K.L.:
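Structure in structure tokens, see below.
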Amino acid sequence: MSFLLETKNLSKRFVKHLDLAARMARKIGAEVQEEIVQAVDRVDLCINQGEVVGLVGESGCGKSTFGRMITGILPPSEGTIHYRGKDISNAASPEGRSAALKIQMIFQDPFASLNPRMRVRDIVGEAPKIHGLLDGRSQDDYVASMLEKVGLEASYASRYPHQFSGGQRQRLGVARALAVQPEFLVCDEAVAALDVSIQAQVLNLFMDLREQLNLTYLFISHDLSVVEHISNRVQIMYLGRVVESASTEELFKEPNHPYTQALLNEVPRLDLRKRNYTPVSGEIPSPLDPPSGCHFHPRCPHATSKCRNEMPVLKEIAPGRASACFLNESS
Ligand code: SF4
């Protein structure tokens, strides 16, 4: 089966370079090492055309870094990204460049990603003009059609970003992404900065656009309740690793990994309140010094000495379901 997007062993390491004092200390013989953060650790992900996949985890788990690698903003340290069967791991390659327009990112903070000195006409219309996508229409007509698609009035084309509300600015960010006629949207905490009522409107917009334009989504969020109603499948990430992958329905019905159970405990749902999951306690550990074995063991109520010493591998536990937890071995 050919997927629209497929990552294999996708990894990203960041090296924290030594400051001047540390470099001097090393010169005189001190054992000082550069610090390495394994932000994303061998992540496999397959997405079919038209699918919506949720990528969920706490802040600092590597999900945004993963999204940035897919969109070519960050180069992977290891692993591959294939789009429509072509290797786009190198964003500067011809395959990477041709996929760049097809895969667009929607950011959490639309205000920071919109040039405050540009009018909407140029924010939305500049890239399609450069790439010859106006299809014989004037830039103004093209921008008007994009604004209409995202529920904004065509007359807003002459405004600046500061003249919009938070929800309208996010719609503007979506219009800018749609203007280059993408097939795949990576939404990185795209509704996290919005009020709950506005969140629902923007999520509905994403789903309407999916229907109209046959879009595929990777929806990155720290909040399981945000992805529940829009995702077909969910992958849960913890400290750079995927710990559970399942259809949304199965994940909410029968979460397998203790971390997923802890995240679900925080989702306000009447049926889940009856369940006795242990809430996630403590902070996510520093990725500079991740815990040995299962990264989740310091926060896991079921941890054993094996969990502290060995890394559980993501394994299929049922058709279409995978989890990385030693508890599945004893069952
Ligand atoms: Fe908890 Fe061990 Fe499973 Fe990790 S492997 S989630 S520590 S039981």
Side-chain angles (χ1 to χ4, degrees), residues 7-13 36-45 53-66 78-79 220-228 231 233-267 269 271-331:
T7 72
K8 279 201 181 131
N9 279 323
L10 197 64
S11 302
K12 182 69 189 175
R13 280 186 303 278
I36 294 174
V37 176
Q38 186 76 45
V40 176
D41 192 2
R42 289 163 286 171
V43 170
D44 294 344
L45 176 71
V53 174
L55 188 62
V56 178
E58 288 165 284
S59 170
C61 74
K63 56 195 189 308
S64 293
T65 302
F66 183 81
E78 273 154 27
I220 296 171
S221 177
H222 69 282
D223 185 349
L224 261 177
S225 60
V226 164
V227 303
E228 179 184 3
S231 300
R233 279 190 298 131
V234 180
Q235 297 228 115
I236 306 289
M237 267 184 98
Y238 189 76
L239 272 185
R241 298 175 184 165
V242 172
V243 296
E244 183 161 3
S245 171
S247 73
T248 310
E249 195 186 342
E250 284 174 339
L251 188 113
F252 274 82
K253 201 164 77 185
E254 204 71 54
N256 177 273
H257 197 279
Y259 180 56
T260 312
Q261 294 173 358
L263 286 179
L264 266 177
N265 198 63
E266 290 161 17
V267 176
R269 283 160 57 99
D271 51 340
L272 283 171
R273 274 187 209 148
K274 293 177 201 146
R275 296 188 181 179
N276 204 16
Y277 295 136
T278 310
V280 67
S281 58
E283 295 289 309
I284 190 166
S286 166
L288 273 171
D289 186 21
S292 59
C294 174
H295 286 343
F296 188 56
H297 83 251
R299 303 167 83 185
C300 180
H302 312 289
T304 63
S305 60
K306 184 175 184 179
C307 305
R308 285 183 272 279
N309 297 311
E310 293 177 36
M311 186 187 92
V313 176
L314 189 69
K315 281 189 193 154
E316 191 172 74
I317 54 166
R321 294 203 64 173
S323 179
C325 176
F326 291 129
L327 291 178
N328 294 309
E329 291 179 358
S330 53
S331 60

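What you see is a predicted model, and the numbers here were worked out from it, not measured in a lab. In listed order, ligands and their atoms are each counted from 1.
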K.L.:
Within the distance-only criterion (no hydrogens, no angle test), does the side chain of S292 pair as donor or acceptor with the backbone N or O of N309 below 3.5 angstrom?
P.N.:
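Here the side-chain-to-backbone pair does not exist.
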K.L.:
Strictly under 2.8 Å of atom 1 (Fe) of ligand 1: which protein N/O/S atoms qualify?
P.N.:
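Less than 2.8 Å away from atom 1 (Fe) of ligand 1 sit C300 SG.
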K.L.:
If I compare all heavy atoms of V40 with all of L10, which pair ends up nearest, and what's the gap?
P.N.:
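It is CG1-O, 3.3 Å.
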K.L.:
Quick one: pull up CE in M237 and NE2 in H295 and give me the separation to the nearest 0.5 Å.
P.N.:
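That separation rounds to 10.0 Å.
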K.L.:
When you check the side-chain N and O atoms of S221 and D223, is any donor under 3.5 Å from an acceptor?
P.N.:
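Absent: no donor and acceptor within the cut-off.
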K.L.:
Could you check if a side-chain atom of R299 sits within less than 4.5 angstrom of a side-chain atom of Y238, using non-hydrogen atoms only?
P.N.:
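Touching, per the 4.5 Å side-chain cut-off.
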K.L.:
Just jot down the side-chain hydrogen bond (donor to acceptor under 3.5 Å, both in side chains) partners of T260, sequence neighbours excluded, or say none.
P.N.:
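For T260 the side-chain hydrogen bond (donor to acceptor under 3.5 Å, both in side chains) partners, ignoring immediate neighbours, are E244.
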